Amino acid sequence: MLSWALLFLVVAIVAAVLGFGGIAGTAVSIAKLIFFVAIVLFAISALTHLIRGRA
């Protein structure tokens, strides 16, 4: 999931360099959203692992 966020960040940087501000802004917003969703899912996974213990 973090690879998707990185991909959108690269797309945003390339779009910004080429002068496509709207596309760059949208790509940055999508990258932020995916990044924070990945962080939340990681935290939930870590808490689940701590509560259940090792299988």
Side-chain angles (χ1 to χ4, degrees):
M1 186 161 248
L2 288 177
S3 63
W4 280 93
L6 185 62
L7 175 73
F8 275 103
L9 183 62
V10 170
V11 167
I13 291 171
V14 170
V17 168
L18 295 177
F20 298 105
I23 295 172
T26 303
V28 167
S29 299
I30 293 171
K32 280 184 188 178
L33 177 69
I34 293 173
F35 176 74
F36 287 122
V37 167
I39 295 298
V40 167
L41 289 176
F42 172 75
I44 291 170
S45 176
L47 286 174
T48 304
H49 180 73
L50 286 175
I51 291 172
R52 286 188 171 183
R54 294 189 177 185

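Just so it is clear, the structure is predicted and the values come from calculations on it, not from any experiment.
In the hydrophobic clustering of ILVMFWY residues, with side-chain heavy atoms under 4.5 Å counting as a link, V14 and I23 come out together. In the hydrophobic cluster analysis, where Ile, Leu, Val, Met, Phe, Trp and Tyr join through side-chain heavy atoms closer than 4.5 angstrom, I13 is grouped apart from L7. Under a hydrophobic clustering in which Ile, Leu, Val, Met, Phe, Trp and Tyr are joined whenever their side-chain heavy atoms come within less than 4.5 Å, directly or via other members, V37 and I34 fall into the same cluster. The hydrophobic cluster containing V10 also contains L18, counting ILVMFWY residues as joined when their side-chain heavy atoms lie under 4.5 angstrom apart, directly or transitively.
Here the CD1 atom belonging to I30 is positioned 8.0 Å from the CG atom belonging to L33, to the nearest 0.5 angstrom. Distance check: T26 OG1 to F8 CZ gives 10.5 Å after rounding to the nearest 0.5 Å. In this structure, F42 CZ and L47 CG are separated by 9.5 Å, a value rounded to the nearest 0.5 Å.
Residue I39 shares its hydrophobic cluster (ILVMFWY side chains chained together at separations under 4.5 Å) with L2, F35, F36.
Taking every heavy atom of both residues into account, A16 and A24 meet most closely at N-CB, 3.8 Å. Across all non-hydrogen atoms, the minimal contact from A31 to A5 is CB-O, 3.6 Å.
Formation of a donor-acceptor pair under 3.5 Å by the S29 side chain with backbone atoms of G25 is found in this model.
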